[in-house]
Amino acid sequence: MRSSFFWKTFLSAGSLLLAAPILLFAHGDHAHGEIGRKELNALYSTYLEIQNALSKDDLKTAQQTGRVFLKEPHKFPAELSHSVKSKDILEDFKILNRAKDIKAYRKAFQGFSGRMVMLMSEAENAGDAPVLIYHCPMVDGNKGADWLQSTDGVENPYFGASMFACGGLKKTLHAKDEGADGKSDAAHEGHH
């Protein structure tokens, strides 16, 4: 397949696109790449579209959104933040694309969400949209899992319509309005 050839060539060529303009920030004695605002907005927007589709049990839209993102050219540094690398995000998208049904897609989305929560927590550049971390305690056999939203009110991507409002706001990382303090908000925790 043509796209498969592209990704193999892309990844084996030393990830030339990933080495594109790198903004540096200091972390201890090492310099790390930092994802730019435009690229962070594109990645987060794609994540939010997938999260929204899954909360509505819309596997087709979730799949299309991920595939469109991978087809577009993006300029990511090799390291998006201290703990998150571009190759890991690309691998998350590949795993999502291999999912055959909504259950498998949601399981893959759980890993992607964990990495996105880490990225958005560590990124020096918060991007333009609000970043809220939600948690559902019932995911993965009651081990629980987090996800990101840009809006208030639980829209659970792990259960969709069957438990749309299960979970609660765990933390606000970045808010549009000046009223948000960015601290953990246990008062909004809701469990089922």
Side-chain angles (χ1 to χ4, degrees), residues 7 11 35 40 42-70 76 79-123 126-127 129-175 180 182-192:
W7 282 110
L11 293 174
I35 188 169
L40 184 65
L43 179 58
Y44 185 48
S45 175
T46 298
Y47 173 91
L48 291 173
E49 287 179 45
I50 294 171
Q51 178 273 322
N52 185 49
L54 290 176
S55 74
K56 295 176 179 167
D57 300 319
D58 186 353
L59 176 61
K60 185 177 178 181
T61 298
Q63 290 172 324
Q64 288 173 338
T65 300
R67 288 183 185 123
V68 166
F69 180 81
L70 284 177
F76 294 126
E79 295 182 15
L80 302 178
S81 72
H82 179 66
S83 302
V84 180
K85 296 180 179 11
S86 291
K87 66 178 182 153
D88 297 328
I89 292 291
L90 288 173
E91 184 62 26
D92 287 335
F93 275 105
K94 285 196 245 178
I95 293 168
L96 286 169
N97 285 340
R98 286 192 298 259
K100 302 281 189 228
D101 58 36
I102 198 160
K103 183 177 180 181
Y105 200 94
R106 283 180 165 140
K107 182 68 177 167
F109 182 75
Q110 185 178 340
F112 181 39
S113 287
R115 203 170 324 276
M116 285 296 295
V117 167
M118 205 176 339
L119 171 61
M120 298 305 281
S121 297
E122 294 178 349
V131 182
L132 310 171
I133 301 174
Y134 281 84
H135 180 80
C136 177
M138 297 182 72
V139 177
D140 200 14
N142 294 323
K143 292 177 187 171
D146 296 338
W147 75 90
L148 298 171
Q149 282 184 209
S150 63
T151 56
D152 288 328
V154 177
E155 297 175 12
N156 191 317
Y158 300 118
F159 292 109
S162 68
M163 292 196 296
F164 185 77
C166 182
L169 180 64
K170 183 175 177 180
K171 186 174 184 177
T172 299
L173 293 177
H174 172 65
K183 296 181 183 167
S184 182
D185 192 353
H188 286 89
E189 285 284 335
H191 301 287
H192 288 238

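The analysis underlying the following values was restricted to heavy atoms, covering all of them including side chains, and did not include hydrogens, waters or symmetry mates.
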Can you tell me how far apart [atom1] ([X]) and [atom2] ([Y]) are? Round to the nearest 0.5 Å.
X      : Y      : atom1 : atom2 : answer
Thr65  : Leu70  : OG1   : CG    : 11.5 Å
Trp147 : His135 : CH2   : NE2   : 8.5 Å
Gln51  : Met116 : CD    : CE    : 11.0 Å
Lys170 : Cys136 : NZ    : SG    : 12.0 Å
Glu79  : Lys87  : CD    : NZ    : 10.0 Å
Leu96  : Glu91  : CG    : CD    : 10.0 Å

Where is the tightest heavy-atom contact between [X] and [Y], given as atom of each residue plus distance?
X      : Y      : answer
Leu173 : Ser121 : CD1-OG, 3.6 Å
Met118 : Ser83  : SD-CB, 3.4 Å
Ser86  : Leu80  : OG-CD2, 3.2 Å
Tyr105 : Leu54  : CD2-CD2, 3.7 Å
Gly167 : Pro137 : CA-CD, 4.3 Å
Ala62  : Ala53  : N-CB, 3.7 Å

State whether the side chain of [X] and the backbone N or O of [Y] hold a donor-acceptor pair below 3.5 Å, judged by distance alone.
X      : Y      : value
Tyr44  : Gly127 : no
Glu155 : Gln149 : no
Asn156 : Cys166 : yes

Side-chain contact, heavy-atom cut-off 4.5 Å: [X] with [Y]?
X      : Y      : result
Ser81  : Ile35  : no
Arg115 : Ile89  : yes
Asp57  : Phe164 : no
Lys171 : Asp146 : no
Leu40  : Leu119 : yes
Val117 : Leu148 : yes

Exercise. Which is it for Ile95 and Phe112 under the side chain to side chain contact (heavy atoms under 4.5 Å, CB included) test, yes or no, and what are the steps along the way?
Worked result: CA-CA 9 Å; Ile95 293 168; Phe112 181 39; over 6 Å; no

For this session: Test Glu122 against Lys85 for salt bridge (Lys or Arg N to Asp or Glu O under 4.0 Å), laying out the working first.
Result: CA-CA 12 Å; Glu122 294 178 349; Lys85 296 180 179 11; over 6 Å; no

Problem set entry | Presence of salt bridge, Glu49 and Arg67, under 4.0 angstrom |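 No.
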
Problem set entry | Basic-acidic side-chain contact under 4.0 Å: Arg106, Asp140 |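 Here Arg106 does not pair with Asp140 in a salt bridge, since their nearest N and O are not under 4.0 Å apart.
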
Exercise. Got a sec, which residues hit side chain to side chain donor-acceptor pair (under 3.5 Å) with Tyr158, two or more places apart in sequence or on another chain?
Worked result: Ser113

For this session: For Asp58, check salt bridge (Lys or Arg N to Asp or Glu O under 4.0 Å) against everything at least two apart and list the hits.
Result: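 Here no residue qualifies.
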
For this session: Go through the structure and list residues passing salt bridge (Lys or Arg N to Asp or Glu O under 4.0 Å) with Lys56, not counting sequence neighbours.
Result: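 Checked Lys56 against salt bridge (Lys or Arg N to Asp or Glu O under 4.0 Å); zero matches.
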
For this session: Might you work through the side chain to side chain contact (heavy atoms under 4.5 Å, CB included) test for Ile102 and Phe109, ending with a clear yes or no?
Result: CA-CA 10 Å; Ile102 198 160; Phe109 182 75; over 6 Å; no

For this session: Would you check if the distance from the ring center of Phe93 to the ring center of Tyr47 is below 6.0 Å?
Result: no

